[in-house]
Amino acid sequence: MPAVIETHELTKYYGKNRGIINLNLSVSEGEIFGFIGPNGSGKSTTIRTLLGLINKTSGKAEIFGRDITEKNREILPMIGYMPSEAMFYGSMRVGELIRYSADLRGMDCAAEAKTLCERLQVEVKKKIEELSLGNRKKVGIVCALQHRPPLYFLDEPTSGLDPLMQKEFFSILEERNREGATVFLSSHVLSEVQEHCGRAAIIREGKIIACDYVSLLVKTTAKFVTLAGITEAPSIPGIFDLHVANNSVSFLYKGEINGLLSSLCALPLTDLTITEPGLEDVFLHYYEAEESK
Amino acid sequence: MKIFLQELKLGRKSLIIWTASIIGTLLICIWMFPQMKSELGPDGSLFENFGAFTAAFGMDRLNFGTMIGFYGIECGNILGMGGGMFAALLGISMLAKEEKDRTAEFLFTHPVSRLRVLNEKLAAVMAQIILLNVTVTLFSVLGILSVGEAVPFRELLLMHAAYLILQIEIAAFCYCVSAYLKRGNVGAGIGFALLLYFINIIANISADVKFLKYVTPYAYCEAADIVNDKALNSTFIILGFAYAAAALAVGYRKYLHKDIAA
């Protein structure tokens, strides 16, 4: 699959302040790519640099094989962008804004806009300034999707949306993805990345600290073990992230699974579960690992 | 064209309010004229001996008892202040409001070049200023007719043309400042217009700082000069346009490569 987004040592400093440092990313056509990190880690900076809102400090990046600085005008028509804040001209009506967005693209997207508004229950007659964050987000989704671009940049798209809308939103996205569109999904909601993304990168303080298939990101680390019937942590090497509750102990285990089992035999257990850790645990693991370096 | 029309639409309320306010104040002044004229008597010399105050507003060189003399001073100040502030506000907020209201992310992630945005927004500024001035001029002619005075067309049109150029110059300056602002600061715009206004007053009062006339656009709006010369001061006007063009060039240069604030 050809690369849709390709960055090479992409760096952005705001004066002396860090934005992103030496970012190397490659997103292929047809992927739903997750971009994970807490607030201020550089997720939005990455997207804003790629879209030409801000100038890179150094490095190189291409979208659809076009340089992000020189060919910005050729890139933008192929992109649907949903900003995390979703702010629009307050005095406009929702319908007017959606039409204005299409007009700026020189396109007539009325039919697609209508379908999207119906699916997401957007009230087109309302004024933007009367909308709650969630409803503004929905308007943002319509503006990002109505022209059916081949690439989507979504910056924390689900914050403020109720669970039903989140579900509808992702089902629309997956439809688009099946039709061949590529999605770059920035999020700090790990469960949605785990559920929807094929590959993901974890960013911390402007640097990428891990980038792989989500299934592998989850696998490369430990098992999540919960033991019931004991109240004290067993002394087994390879245990970390220990939590002791009322009548159970849970921890992450990294090492030989046989070694773990033979150690557990001696304990007065009433129950035992061993599961794959969630992305949540992986994420914290990566963060703590980096912290201790 | 889309951005231009959008700006006109977004600005229409403010344009209507400013136009109506300026017209209202102008009309009140014009309607005061008949009474003023009868109290002043034929020579209209009452205000001629207030020293610096008289000079500050050019009243030493204008007959307050004639329609054009009265209009030049009273109405000139209204148009100069009101129009100047409107132009300043409009210019200073036009670019910066996108970042202040966080709509810049919306606008600039559409396939529109920065240059196109700059051009269309500038056109919207100029169109609104022209609309305001044409409407104001029209109503002021009607107002003068309504008090039974003859309309001094040449002087009146020259005066209004001068104020139109003044507003264009102020708007161009503020547009340039707007390109540099991260979060729109409308106060700066008004302050700038008032500063230029007072610079002219100071230049009127003191002969030592006459050079300030080359700085402020209010210099070519001086009613006394326009009425006496029956023409605009071309040196000041050309300078004014040169300042405006320079300001726009600086503003464009900045905005074309600016980091858009989140």
Side-chain angles (χ1 to χ4, degrees), chain A residues 12-15 17 19 40 43-45 47-57 69 71-93 96-107 128-129 136 139-140 143-144 146-147 149 152-153 155, chain B residues 1-18 89-90 93-121 123-124 128 179-184 186 252-262:
Chain A
K12 170 68 185 174
Y13 274 92
Y14 299 101
N17 296 323
K43 297 194 301 289
S44 295
T45 300
I47 295 179
R48 291 165 54 78
T49 309
L50 290 173
L51 296 183
L53 287 166
I54 51 180
N55 302 298
K56 68 182 184 201
T57 308
T69 314
K71 298 283 167 69
N72 178 257
R73 285 275 287 106
E74 288 177 27
I75 293 170
L76 288 176
M78 298 186 279
I79 284 172
Y81 169 53
M82 192 179 156
S84 57
E85 293 273 334
M87 300 295 281
F88 309 108
Y89 307 97
S91 62
M92 286 178 88
R93 293 192 189 278
E96 288 176 331
L97 182 94
I98 292 172
R99 212 171 316 120
Y100 182 49
S101 173
D103 282 347
L104 285 176
R105 299 185 177 279
M107 290 172 76
I128 301 281
E129 60 201 1
R136 276 209 314 270
V139 177
C143 288
Q146 64 171 345
H147 55 294
Y152 296 92
F153 280 97
D155 198 354
Chain B
M1 269 308 261
K2 294 286 175 203
I3 301 167
F4 171 76
L5 293 175
Q6 162 81 358
E7 286 303 335
L8 289 193
K9 213 159 131 195
L10 291 177
R12 68 181 186 274
K13 245 186 217 157
S14 152
L15 176 65
I16 291 170
I17 291 170
W18 276 92
L89 272 178
L90 193 60
S93 57
M94 188 49 83
L95 295 171
K97 71 178 175 191
E98 298 281 354
E99 284 168 271
K100 179 172 165 266
D101 300 338
R102 304 179 157 215
T103 50
E105 286 211 322
F106 171 84
L107 184 59
F108 288 110
T109 49
H110 285 79
V112 291
S113 68
R114 301 246 176 130
L115 184 64
R116 177 178 157 197
V117 172
L118 279 164
N119 286 339
E120 293 201 27
K121 278 178 172 272
Q128 290 182 69
Y180 280 83
L181 293 178
K182 279 223 183 292
R183 305 263 178 249
V186 289
Y252 267 55
R253 222 189 107 136
K254 169 70 185 176
Y255 206 73
L256 284 174
H257 304 288
K258 184 185 189 183
D259 272 359
I260 300 295

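Within every chain, numbering begins at 1; the chains are lettered A, B, ... in the order of the sequence lines, protein sequences first and strands thereafter.
Both the backbone and the side chain of Ile3(B) come within contact range of chain A, with heavy atoms under 4.5 Å apart. Residue contact with chain A, scored on non-hydrogen atoms closer than 4.5 Å, involves the backbone and the side chain of Phe108(B) alike. Heavy atoms closer than 4.5 Å to chain B are found nowhere in Met82(A), neither backbone nor side chain.
Side chains of Leu76(A) and Val112(B) form no contact here, defined as non-hydrogen atoms less than 4.5 Å apart. Looking at Phe106(B) and Pro83(A), their side chains never come closer than 4.5 Å, going by heavy atoms from C-beta outward.
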Donor-acceptor pairs under 3.5 Å, chain B versus chain A:
{"residue": "Glu98(B)", "atom": "OE1", "partner": "Tyr89(A)", "partner atom": "OH", "Å": "2.9"}
{"residue": "Glu98(B)", "atom": "OE2", "partner": "Tyr89(A)", "partner atom": "OH", "Å": "3.2"}
{"residue": "Arg102(B)", "atom": "NH1", "partner": "Glu85(A)", "partner atom": "OE1", "Å": "3.1"}
{"residue": "Arg102(B)", "atom": "NH1", "partner": "Glu85(A)", "partner atom": "OE2", "Å": "3.4"}
{"residue": "Glu105(B)", "atom": "OE1", "partner": "Tyr81(A)", "partner atom": "OH", "Å": "3.3"}
{"residue": "Glu105(B)", "atom": "OE2", "partner": "Arg48(A)", "partner atom": "NH1", "Å": "2.2"}
{"residue": "Glu105(B)", "atom": "OE2", "partner": "Tyr81(A)", "partner atom": "OH", "Å": "3.4"}
{"residue": "His110(B)", "atom": "NE2", "partner": "Ser101(A)", "partner atom": "OG", "Å": "2.6"}
{"residue": "Pro111(B)", "atom": "O", "partner": "Arg73(A)", "partner atom": "NH1", "Å": "3.1"}
{"residue": "Arg114(B)", "atom": "NH2", "partner": "Gly52(A)", "partner atom": "O", "Å": "3.2"}
{"residue": "Arg114(B)", "atom": "NH2", "partner": "Leu53(A)", "partner atom": "O", "Å": "3.3"}
{"residue": "His257(B)", "atom": "O", "partner": "Asn55(A)", "partner atom": "ND2", "Å": "2.7"}
{"residue": "Asp259(B)", "atom": "OD1", "partner": "Asn55(A)", "partner atom": "N", "Å": "2.7"}
{"residue": "Asp259(B)", "atom": "OD1", "partner": "Asn55(A)", "partner atom": "ND2", "Å": "3.1"}
{"residue": "Asp259(B)", "atom": "OD2", "partner": "Lys12(A)", "partner atom": "NZ", "Å": "2.5"}
{"residue": "Ile260(B)", "atom": "N", "partner": "Leu53(A)", "partner atom": "O", "Å": "2.9"}
{"residue": "Ile260(B)", "atom": "O", "partner": "Arg48(A)", "partner atom": "NH2", "Å": "2.2"}

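Residues that satisfy the side chain to side chain contact (heavy atoms under 4.5 Å, CB included) test with Ile16(B), not counting sequence neighbours, are absent from this structure.
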